[in-house]
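Below is one structure, written out as structure tokens; the observations come after it.
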Amino acid sequence: MLKLWGRPTSGRTQKVLWTLAEIALPFELILASGVMGPKGHVSKGNTPFGLVETEQYRAMNPNGRVPTIDDAGFVLWESNSIVRYLAMQYAPELLYGNDVRIFASASRWLDWENNELLPPQHDMVMHLIRLPEDKRDAQKLEHARLEFIKRLAIMEEQLGRTRYMCSEHFTYGDIAPGLRVHRWRLFNLESPSFPNIDRWYKEITSRPAFNVWTAQPEHHLEG
Ligand SMILES: N[C@@H](CCC(=O)N[C@@H](CS)C(=O)NCC(=O)O)C(=O)O
């Protein structure tokens with residue numbers, strides 16, 4: 001059975017969890033992290049799940065980060081590469097219509113999420129949730145909010161052109177931005193209205209796979 005090391009509070013692990021739910025592949029989740037544990041972030045004095053600093057883990061993933069998978073002896077790290085591997089190996093039709101150009105387009109939105117949506121969202125998570133209250137910085141939070149909104153405007157435009165991020169069909173390119181938009185909405189910060197994103201959000205969050213691991217607010221708001 002496929003093994004996944006990670007934690008459900010990690011956005012990058014969430015991308016893999018959602019993808020696994022889409023393809024309905026049985027797997028074992030092994031909780032691992034150097035910074036988060038069952039009670040929350042180490043900056044609040046909590047104990048992390050650990051494992052990532054062990055020799056065995058470092059032999060699989062020298063970065064000591066999550067997620068990592070082992071699929072019948074094939075070990076892979078880097079969340080986006082894991083999602084692309086799972087899509088290609090298990091569900092090319094479902095996750096990119098078995099079309100190389102749609103694959104590339106979805107791959108682009110996956111990398112865009114990592115490069116553009118994730119950095120401001122990481123700052124929001126830290127300054128809203130994970131840092132102890134006296135270490136939170138309202139200015140950094142506000143800067144991150146505005147930066148995130150700029151990126152949402154790019155998604156809004158795209159979703160005015162296509163029903164989903166890449167085409168008229170759901171693809172793995174909807175998973176990563178979908179996860180970030182879900183988190184953003186749970187934060188409940190002030191935002192302009194984005195009607196195309198609202199329409200798309202309704203569609204992606206009504207997917208049964210979204211509700212397996214990603215919907216739960218505690219995976220996004222606790223820590
Ligand atoms: N580029 C890597 C980054 C991995 C990464 O930084 N993961 C975070 C969680 S989202 C992590 O390992 N944080 C430290 C920890 O939990 O120990 C990927 O996309 O997989």
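Ligands are counted one by one from 1 in listed order, and the atoms in each one are counted from 1 as well. Every heavy atom of this structure was used, including side-chain atoms; hydrogens, water molecules and symmetry mates were not.
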Strictly below 4.0 Å, N to O, side chains only: are Arg145 and Asp123 in salt-bridge contact? no
What is the minimum heavy-atom distance between Ser33 and Val35, and which atoms define it? OG-N, 3.0 Å
Filtering Val66, Ile82, Asn63 for the heavy atom nearest atom 7 (N) of ligand 1 leaves Val66
heavy-atom search around atom 13 (N) of ligand 1 in the protein gives Arg7 NH2, 3.7 Å
Under 3.5 Å: N/O of Gly34 near N/O of ligand 1: yes
Could you tell me, atom by atom, which parts of ligand 1 come under 4.0 Å of a heavy atom of Ser10? 9 (C), 10 (S)
Return the residue, atom name and 0.1 Å-rounded distance of the protein heavy atom closest to atom 16 (O) of ligand 1. Ser33 OG, 2.6 Å
For atom 14 (C) of ligand 1, closest protein heavy-atom neighbour: Val35 CG2, 3.7 Å
Test of understanding: given a 4.0 Å heavy-atom threshold, classify the contact between Met36 and ligand 1 as side chain, backbone, both, or neither. neither
Ion pair present between Arg163 and Glu203, side-chain N to carboxylate O less than 4.0 angstrom? yes
Return a yes/no value for Ser79: is any of its N or O atoms, backbone included, closer than 3.5 angstrom to an N or O of ligand 1? yes
Check each of Lys15, His122, Glu78 against atom 2 (C) of ligand 1 and report the one with the nearest heavy atom. Glu78
Kindly determine whether Asp70 and Trp5 satisfy side-chain contact (heavy atoms from CB on, under 4.5 Å), including the steps that lead there. CA-CA 9 Å; Asp70 181 336; Trp5 286 263; 3.7 Å; yes
Under 6.0 Å between ring centres: does that hold for His182 and Phe210? yes
Students should be able to answer this: which protein heavy-atom is nearest to atom 5 (C) of ligand 1, and at what distance? Arg12 NH1, 3.4 Å
Before accepting this row, confirm whether a basic side-chain N of the pair Glu113/Lys15 lies closer than 4.0 Å to the acidic partner's carboxylate O. yes
Tell me which protein heavy atom sits closest to atom 11 (C) of ligand 1, plus the residue, atom name and distance to 0.1 Å. Arg65 CD, 3.8 Å
Hey, which atoms in ligand 1 end up nearer than 4.0 Å to a heavy atom of Pro67? 20 (O)
Identify which one of Glu147, Arg151, Arg183, Arg180 satisfies the side-chain hydrogen bond (donor to acceptor under 3.5 Å, both in side chains) criterion when paired with Gln121. Arg180
Within the 6.0 Å centroid threshold, strictly below: Tyr85 and Phe74: yes
